[in-house]
Each structure stands twice: as C-alpha cells, then as structure tokens.
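Everything below concerns the one structure shown next.
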2 protein chains.
Amino acid sequence: MKKYTIKDVANKAGVSIATVSNVINAKGRVSTQTIARVRKVIEELQYYPNLAARNLKDKKTHLIAVLVPLTDQSNIHDNPFYLELLSGIEKGARQSDLHVLLIGLKEGDNLSFIHERNLDGIIVVGVHEHSLLYENITQLHVPCVFMDSYLNQCNYDQVNIDDQLGGYLATKHLISLGHRHIVLFGGERKNNSVYHSRWLGYRKALNEARIQYREKYAIESQVTMEAAYQCAQHCIATDREITAVCVGSDVAAMGFVKGLHDVGLHVPEHISVIGFDDLFFAHYMVPTLTTIYQNITEKGTKAVELLFEQIYEERFRPAKKVFVPIQLKIGQSTREISKMEK
Amino acid sequence: MKKYTIKDVANKAGVSIATVSNVINAKGRVSTQTIARVRKVIEELQYYPNLAARNLKDKKTHLIAVLVPLTDQSNIHDNPFYLELLSGIEKGARQSDLHVLLIGLKEGDNLSFIHERNLDGIIVVGVHEHSLLYENITQLHVPCVFMDSYLNQCNYDQVNIDDQLGGYLATKHLISLGHRHIVLFGGERKNNSVYHSRWLGYRKALNEARIQYREKYAIESQVTMEAAYQCAQHCIATDREITAVCVGSDVAAMGFVKGLHDVGLHVPEHISVIGFDDLFFAHYMVPTLTTIYQNITEKGTKAVELLFEQIYEERFRPAKKVFVPIQLKIGQSTREISKMEK
DNA sequence: GCAATGTGGTTAAACGTTTCACCTTTATAG
DNA sequence: CTATAAAGGTGAAACGTTTAACCACATTGC
C-alpha cells in the first residue's frame, strides 16, 4: 500500500508535476481534457496530497488548537459545559475546513508547540488577565480568540456572554418571586472574572429592589459539585433566613440541591435554586432546574468564525467582542415565597 | 517577529546546519563546546524546529486523532462519557508526547485527512462491525485502536469493558434484592454491540436465578435521556409488575428516574433503577444512583498506550484486547423489594 | 613510520509540494 | 504576412528539515 506522490500522478498522466499541482488547486491554465486525465489518475492511484509538504510552502496548516486550562480543582472532565463547547468548536471547524487540536494546559506548560506545528490559530478558554498563561499567550503573536475570559483592555477577539446580565436576570427572577434573602454562590471575583461580572449583576438587582447587600451572602468558592454540596449543608442550612440561591453553574446547582436534600431541605419547597448554563440535564433533574440558558454550541462555532476571519481575511481588523445571548429558563426549582413551606 | 530557521541558527553559531540538527536531536558527533554554543544561539533566537519540514523527512507526525461518530440521535455533546474519555486520551497523549485531533464523523464522511495529515494513528469510538465507517477505517492501514466497539474477529487493538459482566452484575444485584420482574433498557443488540453483550449478561443472571426471560422486558431503544424518559412513562409505568430496571447509561438512568417521577412513581420506593458508567453526577442525584462503575479516564489513557506501542515499538505484534475493570457501586436508587412501597 | 581508528564536523541529496518565470503552439488583429 | 496575444504547459527553485557519505585531522598500535 505505497503512498503515491504528485510525481507518480504526473508520470502516469504524462504531464509535469506543476500541471498536476495546478489541477489539484484549480490554478494556472490547464485544458479540460488534461484536467480530466489527471483527475482520473488521481482517482486510480488514490492519491492524496501530503499536507506536511504543502505546509512547508504556503504556511497555512488549517490546524487550530483549543487550549483548556487544567487545574487540580477543575478538571475538564467534570463539567459537561466543556463538552458542549468542544462539540461546537469541532462543528465550526468542520465547516471551515479546519482541524482541532485538543490541548489541556497546566499553568506553566510550554506553548512552543503552537509555533512548531505552525498552528493557524488558537482558541483559549477561561484564563485570567493576570495569569502566567495569559502572559505567555500574548507573546505568541498568533491569531487567537478568548472565551469566557474577561480581559479588560485586551485587543484580542473574545466570545462571551453578558455575565452581568446573567447575574442580574437570575437575581431579579428570585426577587420577583418575593425572595429577599438571596445567596450568590459563585467563583473568585478578583481578576475581573466571569464571576465578578455576575456579582455586579446580582448587586444591581438587589439595589433596584432596595435590598441591602450582605457580604456573607456573596460566597466566593470553587464552583464545583462538591463545593456546592458542602456549602448547601454548612452555609445555607444553618441560616434559615435564606430562601433562595443563585448558583454559578448547573453542575454546582445539582450539588447544591443534593446537599440541601441530604439535610432534609427540599427544593423548591424550602429553598429556591437557580443554576447557570442550561446544561443537558437541567430539564431532567428532580426538580427541573431554573437556569440561565446560553447556547454553548453556538459560542464554540462563533469562536471558530472569528478565528477564521483573523486567519484568512483582511490584513488587519480591530478586535471584536461578541456576546452570545442568554435567557432565563424557568423550571421547578424556584418558587414564589408565599407558596413555600415554612 | 521573524521565525528563525535552522539555517539562522547555523549561521549565528558558525557551524553547518547538519551540526545544529545533530545538537537538536542528540545524534552524530558534536563536541561539548559546540553543543553549548549552538544551544545558546537557539535560546537567543528563540528558535523552534518546524514540524512540517521535519515530518517531510521522518514521517512521524506525533499526531493522532480521536474519531467520534456523530449521529442525529446521539450528538457528542449530550453524553459526558465522551468528555471523560477525551480527557483521558488527552492526558495519555500528553504523557506520550502526542497531540490529539478531535474529529466528529458522520457516516460517509471522508477519511482522507488521515493520510493527508500523515496521522501516526487513530482512536475510534463506538463503531459497528458492519458500518460503512468501519469498512473505510479498515482500508486505511494506519495504527488504530477501537473503543467501545464490539468487533468479533478483528485484528485491531481494542479497549473495552466486559459488558457482559456489567449486565450480569447489574441484574444480579437487583435479583439479590428480591426483584424478579426486571427490565433491561438498552440499545440495539444487533451487530454484536455493547448492548448485545449486556443483554447476554442480563440473561445469564436471570437464568441462574431461574427467572423466565421475557422478550418485552428487554427493550431496544436509543440510550438517551429523552428516550428513557418516554420509556419510563409509557412502558414501565403501565406495567405495575415491573419492580426494577437496568438502564444502559447513567444519563439515560437520569431520564428514567425523571420520567417515573413525573408520573408519580418514586425511586427507589416504587421502582429500583440501576445505571451504567458511574458518571460524575451519579453521586449527586436524588437519589444517588446505583451503577456500574468503569474508569473512563483510564480507558482513554490505555487506548493511547496501545496506540503508542503500535506506532513506535516492534515491527509487528498481534492485536491486543484490553478490558478495563468494572465494579458495582451501590447507591440509593435500588432497594430490597421487601422494603418497597406497594 | 604508517595503517588503523577515533573525533568533530561538512556537503549535498532527499522529503513532496507550490509557484514563478519561461517556452511553444495556435489564434487573432492589423 | 507579420506582430501580438492567448492557451497550455514545463523546469526549477524554494520551503526547513534529516541523514548518509565523506573529509580532515589527531591519536594510537605495532
């Protein structure tokens, strides 16, 4: 099963390799008969161009990478959010004739592969402005799109949701149900993060309703199932004034519901819970989850789209910041305070 | 930000490019002083070898692909199983200095990229022996590992779990709790699939307990949340003899529990449910799920390991079939029949 | 004192493409 | 009938590596 080269094709078709190349790339001037003949030979030999050789000439590799930070606390694999994102990116890439490299990155990891492999561009998920990783990436000078990374004055393309709006919508929904003692369970608010924005939205909603903001209600934590589970049992269950919680992700919301359940508190009879992301299981939880929907797949395809523009279009354009729309989805996990059990 | 080549390094260090190449690859004979000098220049120029050029010579690309079939019913992104698998593969790849290409494949999709990119090998997830995809892959003559693909007499490496044992363990557990009317909710049993094996295990357990096998209790369906939800409501709820169900995945089990719940049946008070996979949320469901645990991450790393052997080791070795151990994990979703509510 | 051996290094071919400059033949214009 | 253009195609350099063959010199053994 020898691997044929353009030379073999040229020989068999009785033309020069330049002509074969022209046929393949639909460039130059070749008669229709010759084209047909060459095509036939290509078919017969099952010839495929060697991309390595091609890349050597025209630079473009049609290869992009998704960089996902790996931390001890949050491995990729316990948040289906990433899966949906990857799925969207892969889909977008397929449409743009790109291939996707999946790279997990620990802080301090070497990024040299980006140059070595001549990647056309990268998509970076969830880095902080002041992280080492961010520093390293900015020195790379490669087309790049950031996702879920709040970067203040950064001239890279970004795809995000309006997290502030998300925090606001969630909180407002709870307020509209009559809740006034509302906990925000989110991640670190420093570094201008996603969770900082949500917190701003939370405060805004409280403010509009003239509800006093309470520091102890705005919890900074890892947004994981286990952390949420613990928090539900220790922080919430011991303070019976609290009637509602905004949780930073559906995954954590699930942990929260379970944590409450295990100390005898039920959702939504005793406490209302609202999640974030609208992951695949939100509609199948008992109770179904009220949550902030975002189209994660679209987020992924959009990122690829932006990257594609950077790679193949005009010499330069200013950085774009795209916001994917979000939406409140009401499920069974939130309830009017008047209909709750004491 | 010019990209330096080996030539630039050679010039600046005052040696030939062959010598630089030797330094980089620790081959040939170079004095320690020269090595030091070249290294220094490489450092100064921030030189990185161009892999495209390198691949042109020595073939190996250190690039593998994960091929995941995309069907209308089962998109990658609604089964976290894939995420954990990808995570494991990525981890294994990192340890073996490989990069992973993520490819979603629709039946009939072109596989030419495997040759074009000179992939070192591929990992294929969940294909059937008689599918077009399988046919195409076998004609590829590329190192290959199949996962969750039951292939009878196939001389490729495979990583699986013992699905028959899985079906057996699950069923036996239910039997040991006193259940005798046990439904198996699985996927298509033709084509020697994963679900066929589980079904065999199910039958074996019934047999040992001298329970009559009933065709209508062995349901072939898409193993999705929604299908399970529907089944719970229509098939199970209408036949009150049934007291327990083996579900083909944790995801489907969740749909099942929800479906039952929505018609007023509770798990495990009215029906026992056992899942499969032990996904991240199994311990956080209400009730926590009894399930068959498999170490999915390990499955992924193992697959990479096998692929690595094929690529870099001995000229040839017979195909290996690896089984990753599984284990029954008892949660709250199964209960002794004597303690159930009528 | 000379062959053999070892050490440190160079030259040039090869990998499989793309592309630019150039060549030949035929058609077209004046 | 010649000058020009168009059509169809070719040759060879270039992309950035690796590597086999080779060379020059120093050391060693006898």
Side-chain angles (χ1 to χ4, degrees), chain A residues 1-39 41-42 45-63 112-120 312, chain B residues 1-39 41-42 45-63 112-120 312:
Chain A
M1 192 52 80
K2 180 189 181 313
K3 222 167 210 171
Y4 293 104
T5 71
I6 198 173
K7 209 168 176 176
D8 298 318
V9 176
N11 281 150
K12 185 151 184 195
V15 295
S16 71
I17 61 172
T19 297
V20 177
S21 177
N22 280 332
V23 170
I24 294 170
N25 301 296
K27 285 185 179 172
R29 285 183 303 227
V30 192
S31 71
T32 42
Q33 299 140 54
T34 309
I35 290 181
R37 190 148 37 91
V38 171
R39 287 249 173 81
V41 174
I42 288 178
L45 297 186
Q46 297 246 49
Y47 163 78
Y48 292 114
N50 178 332
L51 290 192
R54 187 175 273 178
N55 298 162
L56 205 50
K57 291 290 298 181
D58 67 359
K59 295 332 180 193
K60 299 271 169 292
T61 53
H62 295 262
L63 204 54
S112 58
F113 68 92
I114 294 175
H115 285 315
E116 292 176 3
R117 287 220 188 261
N118 289 119
L119 298 190
D120 282 350
Y312 294 103
Chain B
M1 192 51 80
K2 179 189 182 318
K3 222 166 208 171
Y4 294 103
T5 72
I6 198 173
K7 207 166 176 177
D8 299 318
V9 175
N11 281 149
K12 185 152 183 191
V15 294
S16 71
I17 62 172
T19 297
V20 177
S21 176
N22 280 333
V23 170
I24 294 170
N25 302 295
K27 285 185 178 171
R29 286 181 304 227
V30 191
S31 71
T32 42
Q33 300 139 53
T34 309
I35 291 181
R37 191 149 37 91
V38 171
R39 288 250 172 80
V41 174
I42 288 178
L45 297 187
Q46 297 246 53
Y47 162 79
Y48 292 113
N50 177 332
L51 290 192
R54 185 176 276 178
N55 297 162
L56 205 50
K57 292 290 298 179
D58 67 1
K59 295 330 179 194
K60 299 267 171 291
T61 53
H62 296 262
L63 203 55
S112 58
F113 68 92
I114 294 175
H115 285 315
E116 292 176 4
R117 288 221 186 261
N118 288 120
L119 297 189
D120 282 350
Y312 295 103

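Just so it is clear: chains get the letters A, B, ... in the order the sequence lines come, proteins before strands, and each one is counted from 1. Quantities reported herein were computed from a predicted structural model and do not represent experimental measurements.
Heavy atoms of L51(A) sit nowhere under 4.0 angstrom from any nucleic acid atom. Among the heavy atoms of the strands lying under 4.0 Å from T5(A) are primed sugar atoms or P, OP1, OP2 only; no base atom is included. Within the 4.0 angstrom heavy-atom criterion, only backbone atoms of the sugar-phosphate kind lie near N50(B); the bases stay farther away. Residue-level contact check: N25(A) touches the backbone only, with heavy atoms under 4.0 Å from sugar-phosphate atoms and none from bases.
Checked by atom type and distance alone, the side chain of N50(B) never pairs as donor or acceptor with a backbone atom of R117(A) at under 3.5 Å. Looking at D8(A), its side chain does come within 3.5 Å of a backbone N or O of T5(A) through a donor-acceptor pair.
In this structure, K7(B) places its NZ atom 10 Å from C1' of dC15(D), rounding to the nearest Å. Atoms CG (D58(B)) and P (dT17(D)) sit 12 Å apart, rounded to a whole Å. Note: CG (L56(B)) to C1' (dC15(D)) measures 9 Å, nearest angstrom. Computed from coordinates, the N55(A) CG to dC15(C) C1' distance equals 14 Å when rounded to whole Å. Regarding N22(A), its CG atom lies at a distance of 10 Å from the C1' atom of dT10(D), rounded to whole Å. Rounded to whole Å, atom C1' of dT18(D) lies 9 Å from atom CD1 of I17(B). Atom NZ of K59(A) and atom P of dT17(D) are 9 Å apart (whole Å).
Remark: S16(B) is in phosphate contact with dT10(C), judged by side-chain N or O atoms under 4.0 Å from OP1 or OP2. The phosphate of dT17(D) has neither OP1 nor OP2 within less than 4.0 Å of any side-chain N or O from S21(B). For Y47(B), a side-chain nitrogen or oxygen approaches OP1 or OP2 of dT17(D) to under 4.0 Å. In terms of phosphate contacts, Y4(B) brings no side-chain nitrogen or oxygen within less than 4.0 Å of OP1 or OP2 of dT17(D).
Residues from residues 26-36 of chain B lying near DNA chain C, meaning a heavy-atom separation below 4.0 Å, are R29(B), V30(B), S31(B), T34(B) in numerical order.
Residue I6(A) places its side chain closer to dT17(C) than to any other of dT10(D), dT17(C), dG9(C). Distance from the side chain of K57(A) is smallest to dC15(D) among dT10(D), dC15(D), dT10(C).
For the helix from dG1(C)-dC30(D) to dG30(C)-dC1(D), the angle separating the two terminal helix axes comes to 50°, with each axis derived from five pairs and the value rounded to 10°.
Ring-plane geometry between H115(B) and Y48(A) is classed as parallel, the angle between the planes falling under 30 degrees on a 0 to 90 degree scale with a further cut at 60.
Shown here for V20(B) and A10(B), the closest heavy-atom pair between the two residues is CG2-CA, 3.7 Å.
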